[in-house]
Amino acid sequence: MTTVLAPVAGAAIGLAAVPDPVFSQAMVGPGTAIDPLRQPVEALAPIDGTIVKLHPHAYVVVGDDGRGVLVHLGIDTVQLKGEGFRLLAAEGDRVSAGQPVVAWDPATVEAGGRSPVCPVVALDAVAGSVGEIAEGGVAAGDPLFEWS
Amino acid sequence: MAERTVSVASEVGLHARPAATFVQTAAKVPFDVTIAKAGGSPVSAKSILSVLALDVRQGESIVISAEGEGAEELLDELAQIASAS
């Protein structure tokens, strides 16, 4: 059982509400999404593990059991090419759940015409293995869902 | 063993939409399908984690391999996804 933490504060809205079919149709995997508070924040590691991939706009943390969780900061934010994002960790770093990984401002992303919604996805998760998904307001570091 | 070498054309590389489509397509078949960067170690093409971690950028070449009934058709399909811009 892996408890996945909310990387940012906001409202847990479910993947179906993400304005990108890759996430809303759970093509990447199951999980949920957070509509973040519009304030400068430090996005956190969702689980204990190693940062196997770190982009300014997205990162993947893999736990010792091999399970990977993707955090995507906003939609289509790859197009920003890192502008407005500041890395607080490095690829290959070991992190604890709740440790800051990327500093960014959802309000800036939104002002640029993009959705700041953050999908949090259990990669390669077996169907039905994600549950206890939080709904509504969450603080950064709160339990977001359970991966059994 | 059937094999294709293709250059990834998507501006974002093999991430997000192309990666998800690629993995979903590979996952349809019962046999193993692997993806590697040219000269690199192969990983499962059915794992979104493995494909995202491989971090293939635009213009990089990948080698996709499979062995089984329908492998040629599958690799054609995967090559088309990877080479689509």
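So you know, we letter chains A, B, ... as the sequences are listed, proteins then strands, and number each from 1.
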Taking side chain as everything from C-beta outward and backbone as N, CA, C, O, which of these in [X] sits under 4.5 Å from a heavy atom of chain B? Side chain, backbone, both or neither.
{"X": "A:Val28", "result": "both"}
{"X": "A:His55", "result": "side chain"}
{"X": "A:Val62", "result": "side chain"}

**Request:** State the CD-CD distance between B:Gln24 and A:Gln25, to the nearest 0.5 angstrom.
**Result:** 8.5 Å
**Fill in**
Rounded to the nearest 0.5 angstrom, the CG-OG distance for A:Leu123 and B:Ser50 is 9.5 Å
Please check if [X] and [Y] belong to a single hydrophobic cluster, counting links between Ile, Leu, Val, Met, Phe, Trp and Tyr side chain heavy atoms closer than 4.5 Å.
{"X": "B:Leu75", "Y": "B:Val43", "result": "yes"}
{"X": "A:Val117", "Y": "A:Trp104", "result": "no"}
{"X": "A:Leu54", "Y": "A:Val52", "result": "no"}
{"X": "A:Leu144", "Y": "A:Val121", "result": "no"}

**Message:** Using every non-hydrogen atom in the two residues, find where A:Gly66 and B:Leu49 come nearest and quote the distance to one decimal.
**Reply:**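 So the minimum-distance heavy-atom pair works out to O-CD2, 3.5 Å.
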**Request:** Compare every heavy atom of A:Pro21 with every heavy atom of B:Arg17, then report the nearest pair and how far apart it is.
**Result:** NH1-CG, 3.5 Å
**side chain to side chain contact (heavy atoms under 4.5 Å, CB included) between A:Val78 and B:Glu11, intermediate numbers included** = CA-CA 10 Å; A:Val78 65; B:Glu11 189 187 350; over 6 Å; no
**Request:** Verify the neighbour count for atom CG of B:Asp32: are there more than 12 heavy atoms of other residues, nucleotides or ligands below 6.0 Å?
**Result:** no
**Exceeds 12 heavy-atom contacts within 6.0 angstrom, atom CD of A:Glu83** =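 Counting neighbours around CD of A:Glu83, 12 or fewer heavy atoms of other residues, nucleotides or ligands fall under 6.0 Å, so no.
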